[in-house]
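As structure tokens, the structure follows; a few thoughts come after it.
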Amino acid sequence: MAQVATDQLQVWVDQDLCTGDGLCVQYAPEVFEFDVDGLAYVKGSDGELLQAPGSRVDVPEHLRLEVIDSAKECPGECIHVVRAGDGVEVAGPDAD
């Protein structure tokens, strides 16, 4: 886990599993937002909602812990935080 502290991270949401609970939006509103369908999506650095399935965004340095916590706490287990370099999941349902 120490390695994660320096790696660039990316995050994506699997809307098929999203329960609309909203923890992610509470933890990191700069990264996650609800759409009219009641599901969470990631937002680009310009604030635009990325609705294409599997859309990934870079995790801002100052929000790393919030994004990782949202993946760990998500009741739908739909948030995936991966290392940008090799795609290994560091938080979320597929993390070790």
Side-chain angles (χ1 to χ4, degrees):
M1 191 73 171
Q3 181 72 30
V4 173
T6 57
D7 287 333
Q8 176 61 51
L9 301 179
Q10 293 182 321
V11 62
W12 64 281
V13 177
D14 183 345
Q15 281 78 28
D16 290 340
L17 299 176
C18 181
T19 59
D21 191 83
L23 281 176
C24 58
V25 177
Q26 291 174 12
Y27 278 135
E30 291 176 53
V31 177
F32 303 104
E33 186 174 310
F34 284 127
D35 197 11
V36 294
D37 59 8
L39 303 178
Y41 292 83
V42 291
K43 298 194 293 188
S45 57
D46 59 359
E48 182 180 346
L49 215 57
L50 303 180
Q51 296 173 301
S55 291
R56 293 181 179 193
V57 297
D58 290 334
V59 176
E61 187 82 24
H62 67 286
L63 291 174
R64 292 167 72 92
L65 290 177
E66 288 84 349
V67 170
I68 289 171
D69 284 347
S70 67
K72 289 180 177 177
E73 301 294 326
C74 177
E77 296 188 341
C78 66
I79 300 170
H80 301 265
V81 182
V82 298
R83 288 194 306 240
D86 59 12
V88 171
E89 188 153 318
V90 296
D94 299 329
D96 288 334

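Starting from 1, each residue takes its place in the sequence as its number.
Not counting sequence neighbours, Asp16 has no partner by the side chain to side chain donor-acceptor pair (under 3.5 Å) test. In this structure Cys74 satisfies the side chain to side chain contact (heavy atoms under 4.5 Å, CB included) test together with Cys78, Ile79, sequence neighbours excluded. Applying the side chain to side chain donor-acceptor pair (under 3.5 Å) test to Asp94 and every residue at least two apart in sequence or in another chain returns nothing. For Gln10, the side chain to side chain donor-acceptor pair (under 3.5 Å) partners two or more places apart in sequence, or in a different chain, are Asp58. Residues meeting the side chain to side chain contact (heavy atoms under 4.5 Å, CB included) test with Leu65, sequence neighbours left out: none. Remark: Glu89 engages His80 in a side chain to side chain donor-acceptor pair (under 3.5 Å) (not counting sequence neighbours). Scored by the side chain to side chain contact (heavy atoms under 4.5 Å, CB included) test, Ala28 finds Val31, Phe32, Glu66, Val67 as partners (sequence neighbours excluded).
Counting only residues at least two apart or on different chains, the side chain to side chain donor-acceptor pair (under 3.5 Å) pairs with a member in residues 43-54 are Glu33-Lys43, Asp35-Gln51.
The hydrophobic cluster containing Leu63 does not contain Trp12, counting ILVMFWY residues as joined when their side-chain heavy atoms lie under 4.5 angstrom apart, directly or transitively. Cluster annotation: Leu9 is connected to Val57 through the hydrophobic network of ILVMFWY side chains, with a link wherever side-chain heavy atoms come within less than 4.5 Å.
Gln15 has its side chain out of reach of Asp37: every pair of non-hydrogen atoms, C-beta onward, lies at least 4.5 Å apart. The closest side-chain heavy-atom distance from Arg83 to Val90 is below 4.5 Å.
Residues Ala91 and Ile68 come closest through the heavy atom pair CB-CG2, 3.9 Å. Annotation for Cys18 and Ala40: closest pair SG-N, 3.4 Å, computed over non-hydrogen atoms. Contact detail for Ser55 and Val42: the closest heavy-atom pair is O-CG2, 3.4 Å. Residue Arg56 comes nearest to Leu50 through the heavy atom pair O-CD1, 4.3 Å, listed as atom of the first residue, atom of the second, then distance.
When hydrophobic side chains of Ile, Leu, Val, Met, Phe, Trp and Tyr are connected at separations under 4.5 Å, Leu23 ends up clustered with Tyr27. Counting Ile, Leu, Val, Met, Phe, Trp and Tyr side chains that sit under 4.5 Å apart, directly or through other members, Val36 stands alone, with no cluster partners. Leu39 forms part of a hydrophobic cluster together with Tyr41, Leu49, judged by ILVMFWY side-chain heavy-atom separations under 4.5 Å.
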